[in-house]
K.L.:
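Sharing a structure with you now.
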Amino acid sequence: MTRKEETVDQKYNPRNVEDKWQQHWEEAKTFAVTEDREKQKYYLLEMFPYPSGRIHMGHVRNYSIGDVIGRFKRMRGFNVLHPMGWDAFGMPAENAAIQNKSHPAKWTYENIAYMRGQLKKMGLSYDWGRELATCDVEYYRWEQKIFLQMYEKGLAYKKTSFVNWCPKCETVLANEQVEDGGCWRCDSEVNQKELDQWFFRITDYAEELLEWTNRLPGWPERVLVMQRNWIGKSFGCEIEFPLEGNADAIKVFTTRQDTVYGATFMSLAPEHPRAEELTTPDRKEEVDAFIEKVKKTDRIKRTAEDFEKEGVFTGSYCINPLTKAHMPIYLANFVLMDYGTGAVMAVPTHDQRDFEFARKYALPLQVVIQPEGETLDPLSMAAAFTEVGILTNSSQFDGLRSDSAKEAIADFLEQEGIGKKTVNFRLRDWGISRQRYWGNPIPIIYCKACGVVPVPDQDLPVRLPMDVEFTGEGGSPLAKIDSFINVTCPLCGQPARREADTMDTFVQSSWYFLRYCCPDLLDGPLDSERVDYWMSVDQYIGGIEHAVMHLLYARFFTKVLRDLGYITCDEPFTKLLTQGMVIKDGAKMSKSKGNVVDPNGLIDRYGADTARLFSLFAAPPEKDLDWSDQGVDGSFRFLNRVWKLVHDRLDLINNSKTVNLSALTGEERTLRRAVHKTIRKVTEDIEERFHFNTAIAAVMELLNVLQGAELATPQYGAVMKEALGSLVQMLAPFVPHITEELWQRMGHHTPLSETPWPDYDREAVVDDEALVVIQVNGKLRSKFTVPAGTDEETMKSIALADEKVLPFIEGKQVRKVICIPGKLVNIVVG
RNA sequence: GCGAGAGUGGCGGAAUUGGCAGACGCACCAGACUUAGGAUCUGGCACCGAAAGGUAUAGGAGUUCAAGUCUCCUCUCUCGCACCA
């Protein structure tokens with residue numbers, strides 16, 4: 001080495017250091033793991049990214065947080081599974097293909113290659129041998145098998161339902177793809193179309209999904225609350241209202257059976273299957289016009305709170321089974337077909353929606369609950385009364401409190417055979433059909449003679465054909481590929497058609513964490529033995545935006561796969577961390593705001609360690625992180641100080657032995673105490689609280705101490721050697737490259753990534769003196785130091801004689817002296 | 001409207017069990033080294049006050065020897081759900 005190179009080498013050069021160690025980890029396969037039953041397993045997972053092109057700061061933060069935990073747990077002796085992959089199916093690939101006249105597969109795989117390179121530059125401790133992309137046929141083929149097994153069990157089924165439909169693009173749009181009633185792409189007016197769609201019967205698991213929200217203590221409460229709301233369990237009654245002049249009846253669901261005596265009309269969803277039959281000829285024209293109007297309104301608008309309540313009379317009547325009242329049947333735009341039975345008994349006096357509707361259409365009101373000490377008059381009421389009150393006009397139930405009347409009336413309805421107690425869920429089955437190309441084909445064949453025929457096991461996988469043109473018009477590209485669509489029926493051999501729909505991309509992300517346990521398995525989706533070793537995921541980390549959809553679907557799939565016999569765990573994720581957003585200049589980073597920080601530029605300029613350090617130091621993981629370029633400078637500065645301090649002391653520590661504990665001087669003990677207290681704090685902050693910002697702050701404090709410490713004592717070198725070694729070890733999970741390099745330069749032959757986490761010395765952290773504060777009436781007046789273990793009486797007498805304290809107690813009566821040993825004396829005077 | 005969370009210096013944030021409010025970092029100020037400084041090092045830095053001291057954790061009440069922390073009320077902000085019968 002020439003002299004010039006030597007001086008360059010003394011300077012912190014992130015690029016050289018990072019390249020060197022990334023290469024080392026890759027070659028040594030440091031992070032590859034297998035099922036080692038001698039060790040305790042730890043499955044750590046961050047939500048896998050969509051390969052959109054390049055990583056953004058949200059990824060940097062998410063994966064930096066995960067990597068601290070992964071590296072820390074490894075150093076603590078756990079067998080850490082830390083995989084990474086790609087959520088690779090989805091619309092952006094198809095849109096890019098349309099725009100660039102390219103192919104979604106090409107676009108996707110190029111993005112993956114680029115982003116993989118970016119992640120590798122961050123030095124993340126992944127077992128890259130387990131990498132998977134959901135658009136690989138080796139992945140999606142097994143999803144098709146699972147689909148067919150679900151189909152066999154009735155968990156996947158087809159039904160007709162209303163969806164947002166763009167007539168120009170000839171495709172289904174998700175709710176979020178409808179903007180102001182128009183198609184987001186071509187602006188055509190979106191309407192409601194009844195389509196045959198595939199569904200997963202998630203509602204079969206509603207009760208279990210809800211129940212387990214009480215058994216996930218490692219999840220943030222707000223996520224659990226969101227899931228409970230989404231599942232939306234409510235208790236009530238189903239009641240039959242007989243039709244007038246007809247033996248049949250209309251069934252309603254209500255949670256307010258206590259108000260049934262006040263039901264004066266009936267409201268049906270416009271999509272209600274009996275709407276047509278109930279419409280009398282003279283009302284037909286008006287009813288049809290109304291139904292048409294509602295169909296044109298998109299769901300989002302229709303369910304907005306301020307949407308005006310409208311309806312139309314069908315001409316038919318039903319009878320209130322308890323009061324025998326004559327109830328006109330209306331169609332109403334606010335009644336939803338997919339909640340309850342799609343029919344509502346309207347009680348205008350005690351439901352605000354019914355109240356507004358009744359006022360608009362001059363329908364009768366009957367008060368059946370009176371607030372205590374007040375009498376409601378239906379004529380002068382300004383709003384519905386929805387609180388608890390006393391029943392009136394309710395036959396034998398008069399005088400009961402409305403809340404207790406619920407049970408009594410429900411029992412009565414059951415006795416009379418006109419109703420029964422039921423539980424209703426808001427959760428609806430999961431519609432997974434997408435009229436898209438870039439997704440997993442649904443493995444189903446339609447035969448004129450045999451009907452719906454599952455693709456036989458030996459014919460799997462149904463591969464996505466590659467020879468497709470992307471024009472952006474005319475619906476699903478798959479439906480137009482004759483070679484794909486036209487097949488022979490596996491049962492009868494006659495010509496048949498393939499299903500052209502693909503599965504929602506949320507299906508792939510519902511089980512990828514299971515496949516990571518055995519990504520190389522060739523003869524099935526999951527290897528039970530391996531999956532059982534690794535599952536559940538001990539720590540899952542990702543954005544709050546997945547609080548409901550992804551996390552609920554993944555929980556559902558885990559239970560389904562359990563019931564199919566693949567796995568034994570009930571829940572996929574033991575602990576969940578939802579990290580905050582990355583903010584700059586008060587707003588989320590976005591191209592339109594022009595406040596995007598590009599990870600590439602950051603890593604080029606400062607290195608991955610600085611990028612990681614800043615995103616961990618600036619805020620605790622679950623809070624939003626305010627990006628600051630100057631803060632990044634600060635993190636870089638810190639790493640330079642660490643680098644310099646170690647190099648300045650290199651000769652000293654390389655010529656020193658290990659500490660001889662029995663021969664430490666007082667100064668050496670003090671220095672050593674700071675080191676071991678820091679180890680204790682950093683360990684606790686990482687392990688118990690994930691408070692990486694305070695852990696890093698503690699190491700910074702230690703650095704400040706070490707920088708100022710220069711002793712002329714015999715064991716100074718030994719103590720400093722231990723101190724710097726510990727400091728480098730403690731920083732390893734945060735900034736793995738620079739610490740590996742320093743560790744090596746300090747003379748270690750085993751890489752830091754193979755070195756256990758330091759333990760603190762329980763004796764070294766014991767203070768030999770304590771700082772005691774003196775308060776007078778709770779206000780700080782003075783301080784003093786005492787040897788550890790000084791008794792209360794001594795502390796009190798020192799405090800009472802303190803010269804700064806005397807003026808505050810002179811001439812006053814000391815009423816009480818509170819003493820907290822080793823901490824505080826509070827003198828109460830009056 | 002319902003539900004959840006938050007509110008602390010100029011800024012990001014500390015304060016784990018009720019016991020020194022503001023750790024650590026950024027910015028700023030002064031000094032040192034320097035041809036230079038946007039490098040590095042040293043020191044200062046909540047507010048008012050010359051000082052003694054006083055006042056401060058959104059605002060108000062309360063419990064306590066002692067409250068950022070516990071209780072009640074009010075305000076503001078963020079997120080989620082929202083005609084769910």
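The shown structure was predicted, so the numbers you read here are calculated from the model rather than taken from an experiment. Quick note on labels: first sequence line is chain A, next is B, and so on, each numbered from 1.
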K.L.:
If you measure from the P atom in B:rA21 to the same atom in B:rU55, how many Å do you get, rounded?
P.N.:
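My reading of the P atoms in B:rA21 and B:rU55 gives 13 Å.
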
K.L.:
Verify the contact: side-chain N or O of A:R781 to OP1 or OP2 of B:rG53, cut-off strictly under 4.0 Å; return yes or no.
P.N.:
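Looking at the OP1 and OP2 atoms of B:rG53, neither is under 4.0 Å from any side-chain N or O of A:R781.
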
K.L.:
How would nucleotides 3-12 of chain B be written as a contact map, 5' to 3', with B for base contact, S for sugar-phosphate-only contact and - for no contact, using protein heavy atoms under 4.0 Å?
P.N.:
SS-------S

K.L.:
On the nucleotide B:rA14, are OP1 or OP2 found under 4.0 Å from the side-chain N or O atoms that A:N693 carries?
P.N.:
yes

K.L.:
Please check the phosphate of B:rG19 (OP1 and OP2 only) for any side-chain N or O of A:K823 closer than 4.0 Å.
P.N.:
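For A:K823, the contact criterion (side-chain N or O under 4.0 Å from OP1 or OP2 of B:rG19) is not met.
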
K.L.:
Can you check the distance between B:rC47 and B:rG10, where both ends of the measurement are the P atom (answer in whole Å)?
P.N.:
7 Å

K.L.:
At less than 4.0 Å, is any side-chain N or O atom of A:R428 found next to OP1 or OP2 of B:rC84? Yes or no.
P.N.:
no

K.L.:
So, A:Y361 versus A:Y330, ring centres under 6.0 angstrom or not?
P.N.:
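Yes; A:Y330 has its ring centre under 6.0 Å from that of A:Y361.
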
K.L.:
Test for a donor-acceptor pair under 3.5 Å between the base of B:rC20 and the side chain of A:K783, counting only N and O atoms.
P.N.:
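When only heavy-atom distances are counted, A:K783 does reach the base of B:rC20 through a donor-acceptor pair under 3.5 Å.
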
K.L.:
Let's test your reading of the pairing rules: Watson-Crick or G-U wobble, both distances under 3.5 Å, then write RNA chain B as a dot-bracket string with ( ), [ ], | and dots.
P.N.:
(((((((..(((......[....))).(((((.......))))).(((....)))..(((((..]....))))))))))))....

K.L.:
Counting side-chain heavy atoms from CB outward, which of B:rC84, B:rA39, B:rC20 is closest to A:R426?
P.N.:
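Of the options given, the side chain of A:R426 lies nearest B:rC84.
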
K.L.:
Given B:rC65, B:rC24, B:rA27, identify the nucleotide with an atom nearest to the side chain of A:R637.
P.N.:
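Selected nucleotide: B:rA27.
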
K.L.:
Between B:rC20 and B:rG31, how many Å separate the two P atoms, rounded to a whole number?
P.N.:
36 Å

K.L.:
Could you state the atom-to-atom distance from CG of A:D258 to P of B:rA85 in whole Å?
P.N.:
13 Å

K.L.:
Taking atom C1' of B:rU40 as reference, at what distance in whole Å does atom CZ of A:F636 sit?
P.N.:
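Spelled out: CZ on A:F636 to C1' on B:rU40 is 13 Å.
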
K.L.:
Using a cut-off of less than 4.0 Å, is there contact between a side-chain N or O of A:N704 and OP1 or OP2 of B:rG25?
P.N.:
yes

K.L.:
On the 0 to 90° scale, with breaks at 30° and 60°, tag the A:W643-A:Y12 ring pair as parallel, tilted or perpendicular.
P.N.:
tilted

